[in-house]
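Down below is the structure, laid out as structure tokens.
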Amino acid sequence: LPLSSCISGIQMLSVQPDTKPKGCAGCNRKIKDRYLLKALDKYWHEDCLKCACCDCRLGEVGSTLYTKANLILCRRDYLRLFGVTGNCAACSKLIPAFEMVMRAKDNVYHLDCFACQLCNQRFCVGDKFFLKNNMILCQTDYEEGLMKEGYAPQVR
């Protein structure tokens, strides 16, 4: 689902003393507090409208909540669970937002896909890599490509 179709607003309302108490959608008890929250066309105690993951009180973290797969979530947990970082520049598959990634300029990669696209050598921390024609290359393949093109790097 697109992000926008999962967003709902949260309203804080004063409880009017002359009205019949409303039932809370979270705990099913009557709301006798001074304030109540209205969200998803239901009424809630401030303590009962919470994120299913981190238990934060949604009325306190903003004026929106996110729903998907019968879960009520804060923005951070919704994006962590259901958002996407983008498509991997090597395999073109979606990268979930909670997955660790590697970046090279505007390109994003799965960790497993971050390897030389000619020899498949995986890069370790500190290894040099080169981005040429939108391909990630190890130093050896990059330099061999330059030699073939007649642009040998100068050795000092």
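Below, all heavy atoms of this structure are taken into account, side chains as well, without hydrogens, waters or symmetry copies. All values reported here derive from a predicted model rather than from experimental measurement.
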- Could you identify which residues cluster with Ile95, counting Ile, Leu, Val, Met, Phe, Trp and Tyr as linked when any side-chain heavy atoms lie under 4.5 Å apart, either directly or through a chain of such contacts? Val101, Val108

- Item | salt bridge (Lys or Arg N to Asp or Glu O under 4.0 Å) pairs, two or more places apart, involving residues 130-140 | Lys132-Glu149

- Note on the structure: Sorted by chain and residue number, the salt bridge (charged side-chain N to carboxylate O under 4.0 Å, His left out) partners of Glu60 (sequence neighbours excluded) come out as Arg57

- Query: Do any pairs count as a salt bridge (Lys or Arg N to Asp or Glu O under 4.0 Å) and have a residue in residues 79-97, sequence neighbours left out, and if so which ones?
  - Reply: Asp77-Arg80

- Could you tell me the separation between the CD atom of Gln117 and the CG atom of Leu131, rounded to the nearest 0.5 Å? 8.5 Å

- Item | Asp112: salt bridge (charged side-chain N to carboxylate O under 4.0 Å, His left out) partners, not counting sequence neighbours | Arg122

- Query: Among all residues two or more places apart in sequence or in another chain, which pass the side-chain contact (heavy atoms from CB on, under 4.5 Å) test with Ser63?
  - Reply: none

- Query: Are any of the side-chain heavy atoms of Cys119 and Thr140 separated by less than 4.5 Å?
  - Reply: no

- Using ring pair (Phe, Tyr, Trp, His ring centres under 6.0 Å) as the criterion, list what pairs up with Tyr142, not counting sequence neighbours. Phe130

- Under a side-chain separation threshold of 4.5 Å, the hydrophobic residues clustered together with Leu36 are Leu13, Val15, Ile31, Tyr43

- Message: To the closest 0.5 Å, what do you measure between CD1 (Ile136) and NZ (Lys105)?
- Response: 12.5 Å

- Message: Just to verify, what does Leu111 make a side-chain contact (heavy atoms from CB on, under 4.5 Å) with, not counting sequence neighbours?
- Response: Met100, Met102

- May I have all residue pairs that pass salt bridge (Lys or Arg N to Asp or Glu O under 4.0 Å) and include part of residues 7-26, sequence neighbours excluded? none

- Classify the angle between the aromatic ring planes of Phe123 and Phe129 as parallel (below 30°), tilted (30 to 60°) or perpendicular (above 60°). tilted

- Query: Side chains of His45 and Cys27: does their closest heavy-atom pair fall under 4.5 Å?
  - Reply: yes

- Compare every heavy atom of Cys54 with every heavy atom of Cys74, then report the nearest pair and how far apart it is. SG-SG, 3.9 Å

- Item | Partners passing salt bridge (charged side-chain N to carboxylate O under 4.0 Å, His left out) against Asp127 (at least two apart in sequence or in another chain) | none

- Check: Lys30 and Cys24 side chains under 4.5 Å, non-hydrogen atoms: no

- Message: How long is the straight-line distance from SG of Cys113 back to CG of Asn107, given to the nearest 0.5 Å?
- Response: 12.0 Å

- Of all heavy-atom pairs between Leu71 and Ala52, which one has the smallest distance, and what is that distance? CD2-CB, 3.9 Å

- Item | Members sharing Leu40's hydrophobic cluster (side chains within less than 4.5 Å) | Ile10, Met12, Tyr35, Leu37, Trp44, Leu49, Leu58, Val61, Leu65, Ile72

- Query: Is there side-chain contact between Arg103 and Tyr109, with heavy atoms separated by less than 4.5 Å?
  - Reply: no

- Would you mind reporting whether Leu73 and Phe82 have side-chain heavy atoms less than 4.5 Å apart? yes

